[in-house]
Number of protein chains: 2
Amino acid sequence: MGTSISELISEKIDAMSTSERKAAQTLIANYPLIGLRTVAEFSAQAGVSSPTILRFVSRLGFQGYPEFQQALQQELAAQIQSPLNRATIIQSSKGSAAYPLMEAAIENIRETFHHLSTQQLDDATEALSRTRTHVYLLGGRFTDPIAIYMAAHLKIIRSGVTHLTGQESNWRDQLIDMGRKDVLVIFDIRRYQDSLIRFAEKAQARGVEIVLITDQWLSPIARFARHVIAGRTAVPSPWDSSTTLFLMAETLIAGVTHKLQNSSAERIRDMEQLRDG
Amino acid sequence: MGTSISELISEKIDAMSTSERKAAQTLIANYPLIGLRTVAEFSAQAGVSSPTILRFVSRLGFQGYPEFQQALQQELAAQIQSPLNRATIIQSSKGSAAYPLMEAAIENIRETFHHLSTQQLDDATEALSRTRTHVYLLGGRFTDPIAIYMAAHLKIIRSGVTHLTGQESNWRDQLIDMGRKDVLVIFDIRRYQDSLIRFAEKAQARGVEIVLITDQWLSPIARFARHVIAGRTAVPSPWDSSTTLFLMAETLIAGVTHKLQNSSAERIRDMEQLRDG
DNA sequence: TACAAAATGTAATACAAAGTACAAATTGCC
DNA sequence: GGCAATTTGTACTTTGTATTACATTTTGTA
């Protein structure tokens, strides 16, 4: 009796065909409201035909679509009555070790933010918000994608953002343009890359303000960095997890966006016009 | 716009007749679920006739009963479907609102994994572990860095991994080499990119098995995908958060690594020798 | 490659629900 | 208490939806 429909889906999804799985996916992704709409709307959203939706519903053990909808509504009713209920359900899933990597990642995130002072974040955010100066971004073998991600966003909300691509020799050429009060964001986790360390040292020598985003063991670049943000990366896997660093990048992006709200809103408008026009 | 239906009722209830008031009270008492049922059920519950319900609904300013139901659903959707809302409720009860973006991200991760069956993940992992076939990766404007990240790891543990770089025209040229049983991993979140959709369609036409990693609203590419993995992306920021998708990528990487343990261990040894030597 | 089996969609059908006209009932007023 | 105005419900029509039969496509296998 207590089995919720989303559990029911997880149980039976193995026995489902591709299209039926799409129906299941769509329902889960828009849970549960899409199931309360008509078969036609549900099927359109899932990109399958209506009979597929009906087969999906009957596979879940319902006699017909109305019966299925009634079950969904009852579930909803129970949820709405106690909004805290939901929180408890989520908490209780904490014990389930179905996804150890996920649990570890969440723990890492919590731990990282717990040890991080808002001051540190604010300082780094401020550095990235100085629109007079240039911001350069760079990452290592596995962290460069995060640098790219961050650059893609920063480029939209402010000018003077450059991601340093290619080989070390290419970066070095860029050094000539980097000077006092410019900002360099470096991502570096173990094994720390010599090329990054050398570059950071040279940049610092030119007076560049370095924001380092690294793991809990701290890259040697910390010596040269003005701002050091360290995130936990250890997970039960042969690889380290960079999810924490990724979220840190997003946090910085959000911070800069907020700080430059007025100017960036205008900038984004202009940009969309350029794109559409 | 912002006026909720319950507010609407209190505004107009004075102008209502006795029976219409019964309808109003019934709706308030069972808010909002009774309004999502049929007119007949609503009228029975209120102890009035169906035309009275319809008159009540039209007095609230709706053109018809379906329009009224749609409004109710939108209200509900805002309440329950937004993880933000829940995150705010949960965190406010805990008192630690220092990092709302972090709280929301964690909530998104939990919610996503909770709705995800291990089978789905396993299937996708299996697809990425078939070393006989080629794996192509591709992402959108903001998600391509995740595709790059994933490719960087996969390249180490197995052969035949290609990240599709550059413009659409470049990808298209790669299509010629893609065929039945090859795998294409696509990251696509809103606003969904036409170029990606077009490419996915062409790839599917060639018999390529598509693994789609998308947001909760599902990219249209879901139509063409064999595996659909949907993660929540909404956070209290002007930007969507891709942290969940990033962790999903790491989870898949870990899964493939585990599955190819023996062969990949050897491969990594060889690779290190090449690097050192 | 050809065949059988399974899956999926198209299109017609059956059904249920919303909407409407009008008659009955109720209420308010003189 | 009788008349007009309003409210309410009944019975019917219209509309839209779930359902189903069947053709088509896809998939797996020899």
Side-chain angles (χ1 to χ4, degrees), chain A residues 12-27 34-73, chain B residues 12-27 33-73 123 126-127 130 132-133 179-183 201 203-210 222-228:
Chain A
K12 309 236 168 170
I13 200 164
D14 301 342
M16 290 182 189
S17 65
T18 323
S19 294
E20 282 176 26
R21 234 170 255 178
K22 275 182 201 159
Q25 254 310 324
T26 306
L27 177 57
I34 190 70
L36 296 178
R37 307 189 78 97
T38 66
V39 174
E41 283 176 289
F42 190 168
S43 68
Q45 177 87 18
V48 298
S49 69
S50 13
T52 302
I53 298 296
L54 295 174
R55 280 187 285 260
F56 160 70
V57 163
S58 90
R59 193 184 292 277
L60 291 180
F62 297 100
Q63 294 294 340
Y65 197 70
E67 189 182 312
F68 161 73
Q69 288 191 317
Q70 213 165 321
L72 274 180
Q73 291 201 354
Chain B
K12 308 232 169 172
I13 199 164
D14 299 339
M16 289 181 191
S17 66
T18 324
S19 297
E20 281 177 27
R21 231 170 259 179
K22 276 188 203 164
Q25 278 157 2
T26 307
L27 177 57
L33 286 180
I34 190 69
L36 295 178
R37 307 185 82 95
T38 66
V39 174
E41 284 177 288
F42 191 169
S43 67
Q45 179 85 19
V48 298
S49 69
S50 17
T52 301
I53 299 296
L54 294 176
R55 281 187 285 259
F56 159 71
V57 162
S58 89
R59 191 184 294 275
L60 290 180
F62 297 100
Q63 293 294 337
Y65 198 70
E67 188 182 312
F68 162 73
Q69 287 192 317
Q70 213 165 320
L72 275 180
Q73 289 203 355
D123 288 349
E126 190 277 327
R130 292 196 293 258
R132 300 279 176 82
T133 64
R180 189 156 280 275
K181 290 300 162 196
D182 278 345
V183 175
E201 186 170 10
Q204 193 222 24
R206 294 185 63 89
V208 173
E209 187 170 334
I210 295 179
R223 300 178 72 93
F224 313 118
R226 176 73 179 280
H227 310 273
V228 178

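Proteins get letters first, then strands, A, B, ... in listed order; numbering begins at 1 in each.
- Legend: residues meeting side chain to side chain donor-acceptor pair (under 3.5 Å) with A:Ser58, ordered by chain and number and at least two apart, are absent.
- Taking the side chain as every heavy atom from C-beta outward, B:Gln204 and B:Glu209 never approach each other to under 4.5 Å.
- You can see that DNA chain C meets the heavy atoms of chain B within a 4.0 Å-exclusive cut from C:dA17 to C:dT20, reading 5' to 3'.
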Identify each donor-acceptor pair in which a side-chain atom of residues 42-53 of chain B lies under 3.5 Å from a protein atom, sequence neighbours left out, and give them as a table.
{"unit_1": "B:Ser43", "atom_1": "OG", "unit_2": "B:Val39", "atom_2": "O", "d": "3.2"}
{"unit_1": "B:Ser43", "atom_1": "OG", "unit_2": "B:Ala40", "atom_2": "O", "d": "2.7"}
{"unit_1": "B:Ser49", "atom_1": "OG", "unit_2": "B:Thr52", "atom_2": "OG1", "d": "3.2"}

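- Looking only at side-chain heavy atoms (C-beta outward), A:Leu36 and B:Leu36 come within less than 4.5 Å of each other.
- Every residue two or more places apart in sequence or in another chain was checked for a side chain to side chain donor-acceptor pair (under 3.5 Å) with A:Arg55, and none qualifies.
- Residues passing the side chain to side chain contact (heavy atoms under 4.5 Å, CB included) test with B:Glu126, sequence neighbours excluded: B:Arg130, B:Lys259.
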Could you go over nucleotides 28-30 of chain D and give all protein N or O partners under 3.5 Å, atom names and distances?
none

Seminar exercise, completed: Counting primed atoms, P, OP1 and OP2 as sugar-phosphate and everything else as base, the B/S/- map of nucleotides 6-21 of chain D against protein heavy atoms under 4.0 Å is -SBBB------SSBB-

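- Every residue two or more places apart in sequence or in another chain was checked for a salt bridge (Lys or Arg N to Asp or Glu O under 4.0 Å) with B:Glu67, and none qualifies.
- Scanning for side chain to side chain donor-acceptor pair (under 3.5 Å) contacts around A:Thr18 gives an empty result, with sequence neighbours left out.
- Note that the CZ atom of B:Arg59 and the NZ atom of B:Lys12 stand 9.0 Å from one another [nearest 0.5 Å].
- Listed by first then second residue, pairs satisfying ring pair (Phe, Tyr, Trp, His ring centres under 6.0 Å) with a partner in residues 44-64 of chain B read B:Phe62-B:Phe68, not counting sequence neighbours.
- Two end axes, each from the C1' atoms of five base pairs, can be drawn for the helix from C:dT1-D:dA30 to C:dC30-D:dG1; they diverge by 30°, to 10 degrees.
- Panel note: side chain A:Gln69, backbone A:Gly35; a donor-acceptor pair is recorded below 3.5 Å.
- By the salt bridge (Lys or Arg N to Asp or Glu O under 4.0 Å) test, B:Asp123 pairs with A:Arg21, sequence neighbours left out.
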